[in-house]
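Note that ligands are numbered from 1 as they come in the structure, with each ligand's atoms numbered from 1 the same way.
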Amino acid sequence: MEIVVFGAGSLGSLVGGLLAGTHDVTLVGRSAHMRAIEADGLTVGGAVETTVRPRTTTDSEGLSGDVVLVTVKAGDTATAAEALSTGSFNTVCSLQNGFTEETLVAELSVPVLAGTVTYGARLREPGHVDCTGRGTVTLGPYTEDSAADDAAAAERAAAVGEAFRAADIETDVRENMAKQRWEKLAVNAAINPVTALARVENGAVCEEPLWPVARRAARETAAVARASGVDLSDDTAVEAVRTVAASTAANRSSMLQDVDAGRVTEIEAINGAVVERGAQYGVDVPTNRLLTALVNGSKPR
Ligand code: PAF
C-alpha cells in the first residue's frame, strides 16, 4: 500500500518506520530529520529494532497515496488539511490526540478514519526514533454518531487495518470510533495536563495526590460524552486512564515533552475541547476548565 505519513515527529516516524518494512511509505517532516533519513535510513530502536528507508519530503503540497496518516500536532490540523487538499488520496486517517477529524472532514472529500495508537515513541535525534513500548492501533470510520453506517469508510478502514497487520502492528478495526474517540479524549484529558503541570511521568497520575484530579477530569469528559449521545460510563473512562497510565508508566506524556521543549501544547484540542463541548451540552466541567487555564497560563520553561 502507498502510505504517506504527514507529520513525521516521534509517533509519525515510529508508525511510518514500522510500516516501511512492508509498504511504500513517504514521510513528510522537518528538514533535519528528513535529511538524516535520506542519508542513513530511519533507525527504530527500543522495543522494536529495525532500519528502514522510507521516501522523505519536506514539501507538503501535491502529495499522493492510498492513505495519508495525519500525525501532526492537533493545533496544526487546519494547515495540514489545506496542504492535503492539494494532493490525492483514497483515505485519510488521523492518529492524533484531541478531536481533529472534524477539521479534516471539513476540508477533504475522501473518507476520514479516526485512529488511536498506544505505542510509545520518542524522537532521539534526527534519523532515530525509539519505540518506548509496543501497543495497539485502533481505527475505524470517523463519525460523531455511534449508529452511523458508512460502507465506503468501513471498507477503507478494513484495508488500512489489513496493511497495518501485514506490517506486524497489532490492529483493531472498529465499525465506528465514536466511543473510542471520547474514551481517548478522557485518557488525554486526565494524563496530559496533570503530567505537564506536575512534571511527572504517566504512572504518577494513578497515585496520590494526583489521582483524584485525573479521575475528575476523566469523569467530566465521560459526562460530556454521554450528553452528546455517546454511551461512555464514568467507570469505563476512569479504567481507561488507569490502564493507559499503567502501561505507559515510565513515559513522559506528549504534553510534558511539549512544555519542556517550550512548544505550543495540545491543551485546547484536549481539555479545551471538553470545556467547549461541555458548554454546548450544558455540562459543567470545572476540573477541565482549571487544567486548561493552568496549562495556558504557564510560563514557557
Ligand atoms: O499524548 C500522549 O502522551 C499519549 O497520548 C498518552 C496516551 C497520554 C501516553 O503518553
Which donor-acceptor pairs under 3.5 Å do the side chains of residues 244-252 make with protein atoms, sequence neighbours left out?
unit_1, atom_1, unit_2, atom_2, d
Ser247, OG, Thr243, O, 3.2
Ser247, OG, Val244, O, 3.3
Thr248, OG1, Asn202, ND2, 2.9
Thr248, OG1, Val244, O, 2.7
Arg252, NH2, Asp260, OD2, 2.1

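For the residue pair Asn97 and Lys184, a side-chain donor N or O sits within less than 3.5 Å of a side-chain acceptor on the partner. Thr195 and Ser253 are linked by a side-chain donor-acceptor pair at a separation below 3.5 angstrom, with hydrogens and angles left out of the test.
In this structure, Asp234 does not pair ionically with Arg215, as no charged nitrogen and carboxylate oxygen lie closer than 4.0 Å. Taking a cutoff of 4.0 Å between a charged side-chain nitrogen and a carboxylate oxygen, Arg289 and Asp284 qualify as a salt bridge. Of the charged side-chain nitrogens involved, at least one lies within less than 4.0 Å of a carboxylate oxygen, so that Arg165 and Glu162 count as a salt-bridged pair.
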Sub-3.5 Å pairs, protein N or O with ligand 1 N or O:
unit_1, atom_1, unit_2, atom_2, d
ligand 1, 1 (O), Asn97, ND2, 2.9
ligand 1, 1 (O), Asn192, ND2, 3.0
ligand 1, 1 (O), Ser254, OG, 2.5
ligand 1, 3 (O), Ser254, N, 2.8
ligand 1, 3 (O), Ser254, OG, 3.4
ligand 1, 5 (O), Asn97, OD1, 3.3
ligand 1, 5 (O), Asn188, ND2, 3.0
ligand 1, 10 (O), Asn202, ND2, 2.9

